[in-house]
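What follows is a short report on a single structure.
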Amino acid sequence: DVQLQASGGGLVQTGGSLRLSCAASEFSFDDHAIGWFRQAPGKEREGVSCISITDGNIYYADSVKGRFTVSSDNTKNTVYLQMNSLKPEDTAVYYCAEPGPGVRCGVPMRGADFGSWGQGTLVTVSS
């Protein structure tokens with residue numbers, strides 16, 4: 001079974017930066033891809049970003065476009081989410097997950113299309 005390990009969360013002030021990491025034990029499908037989601041208390045889960053290590057497709061939600069950058073280290077099966085210019089509304093638990101078969105990065109993300117969810121890492125942005 002694929003295991004995803006998210007890390008890098010923490011407490012940061014408004015305008016600060018954090019880098020999240022998601023290490024994958026392996027990939028289930030030929031398209032090696034990872035998606036990042038977040039869920040704030042009382043809010044629905046939001047797809048934030050997705051990257052395909054295989055073909056380079058990348059997706060960003062409008063709410064993070066221009067502030068977050070997703071990247072990958074193919075040698076380590078690890079995906080990173082660099083988060084800059086953080087805002088209090090970015091406060092959430094961030095999860096990484098693997099797209100299901102036939103699901104491609106580059107389009108708006110639905111949680112139901114992803115599996116092998118990691119345990120989540122908490123990001124808190126103070127005002």
Side-chain angles (χ1 to χ4, degrees):
D1 291 344
V2 174
Q3 293 187 3
L4 301 178
Q5 181 75 31
S7 61
L11 174 63
V12 65
Q13 291 185 335
T14 296
S17 298
L18 282 173
R19 188 177 81 157
L20 305 184
S21 300
C22 178
S25 60
E26 59 181 336
F27 291 96
S28 301
F29 312 108
D30 291 340
D31 182 21
H32 297 179
I34 292 292
W36 285 100
F37 289 80
R38 66 185 181 186
Q39 187 161 24
K43 294 189 177 181
E44 292 188 357
R45 184 171 53 191
E46 177 188 15
V48 173
S49 182
C50 187
I51 182 169
S52 168
I53 299 172
T54 303
D55 61 22
N57 281 346
I58 288 177
Y59 166 82
Y60 295 106
D62 288 343
S63 57
V64 305
K65 202 171 293 183
R67 300 187 298 121
F68 290 12
T69 302
V70 67
S71 63
S72 66
D73 183 334
N74 300 355
T75 64
K76 298 180 180 179
N77 279 1
T78 299
V79 167
Y80 304 99
L81 186 67
Q82 178 67 43
M83 307 186 296
N84 298 330
S85 302
L86 283 163
K87 307 174 182 180
E89 51 263 45
D90 294 318
T91 294
V93 178
Y94 285 70
Y95 300 89
C96 55
E98 184 183 35
V103 178
R104 293 289 184 257
C105 293
V107 297
M109 301 158 65
R110 299 190 314 160
D113 291 335
F114 288 73
S116 302
W117 293 82
Q119 86 287 1
T121 186
L122 176 63
V123 172
T124 304
V125 184
S126 63
S127 57

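Fair warning: this is a prediction, and the values are worked out from it, not measured in the lab.
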### Query
Pairs in or reaching into residues 99-114: which pass side-chain hydrogen bond (donor to acceptor under 3.5 Å, both in side chains), with residues at least two apart or in two chains?
Asp31-Arg104, Arg110-Asp113

### Message
Does anything in residues 4-18 form a side-chain hydrogen bond (donor to acceptor under 3.5 Å, both in side chains)? List the pairs, not counting sequence neighbours.
### Response
Ser17-Asn84

### Task
Decide whether Leu20 and Leu122 are clustered together by the hydrophobic rule: side chain heavy atoms of Ile, Leu, Val, Met, Phe, Trp, Tyr closer than 4.5 Å, transitively.
no

#### Entry: Distance (rounded to the nearest 0.5 Å) between Ile53 CD1 and Phe27 CZ
3.5 Å

### Query
Shared ILVMFWY cluster between Val2 and Met109, side chains joined below 4.5 angstrom?
no

### Val12: partners by side-chain contact (heavy atoms from CB on, under 4.5 Å), with sequence neighbours left out
Leu18, Leu86, Val125

### Query
Looking at Lys87 and Asp90, does any basic side-chain N land under 4.0 Å from a carboxylate oxygen?
no

### Task
Using the disulfide bond (SG atoms under 2.5 Å apart) rule, collect all pairs that involve residues 92-127, keeping only residues at least two apart or in two chains.
Cys22-Cys96, Cys50-Cys105

### All pairs passing ring pair (Phe, Tyr, Trp, His ring centres under 6.0 Å) where residues 60-79 contributes a residue, at least two apart
none

#### Entry: Contact summary for Gly9 and Thr121, nearest pair of heavy atoms
N-OG1, 2.9 Å

#### Entry: Set of salt bridge (charged side-chain N to carboxylate O under 4.0 Å, His left out) partners for Asp1, sequence neighbours left out
none

### Message
Strictly by ring pair (Phe, Tyr, Trp, His ring centres under 6.0 Å), give each pair with a member in residues 99-127 just once, sequence neighbours left out.
### Response
Phe37-Phe114, Phe37-Trp117

### Task
Output all residues satisfying side chain to side chain donor-acceptor pair (under 3.5 Å) with Thr69, sequence neighbours left out; order by chain, then residue number.
none

### Query
Applying the 4.5 Å side-chain criterion to the ILVMFWY set and letting contacts propagate, would Ile51 and Trp36 be lumped into a single cluster?
yes

Would you tabulate the side-chain donor-acceptor contacts of residues 71-80 under 3.5 Å, counting partners in other chains and residues two or more places apart, or write 'none'?
unit_1, atom_1, unit_2, atom_2, d
Ser72, OG, Asn74, OD1, 3.2
Asp73, OD1, Thr75, N, 3.0
Asp73, OD1, Thr75, OG1, 2.5
Asp73, OD1, Lys76, N, 3.4
Thr78, OG1, Lys76, O, 2.9

### Task
Compare every heavy atom of Pro88 with every heavy atom of Ser127, then report the nearest pair and how far apart it is.
CB-CG, 3.9 Å

### Task
Run through the side-chain heavy atoms of Ile, Leu, Val, Met, Phe, Trp and Tyr, join any pair under 4.5 Å, and report what else lands in Val107's cluster.
none

### Query
Is the number of heavy atoms from other residues, nucleotides or ligands under 6.0 Å of Gln119 CD greater than 12?
yes

### Message
Return the CD1 to OG distance between Ile34 and Ser52, rounded to the nearest 0.5 Å.
### Response
10.5 Å

### Task
List the atom of Leu4, the atom of Ala24, and the distance in Å for their closest heavy-atom pair.
CD2-CB, 3.4 Å

### Query
Which residue pairs pass the side-chain hydrogen bond (donor to acceptor under 3.5 Å, both in side chains) test when at least one of the two sits in residues 41-51, sequence neighbours left out?
Arg38-Glu46, Glu46-Ser63

### Task
Spell out, yes or no, whether Met83 and Val64 are grouped together once hydrophobic residues are joined by side-chain heavy atoms under 4.5 Å, including indirect joins.
yes

### Task
Could you pull out all residues at least two apart from Arg19 that satisfy side chain to side chain donor-acceptor pair (under 3.5 Å)?
none

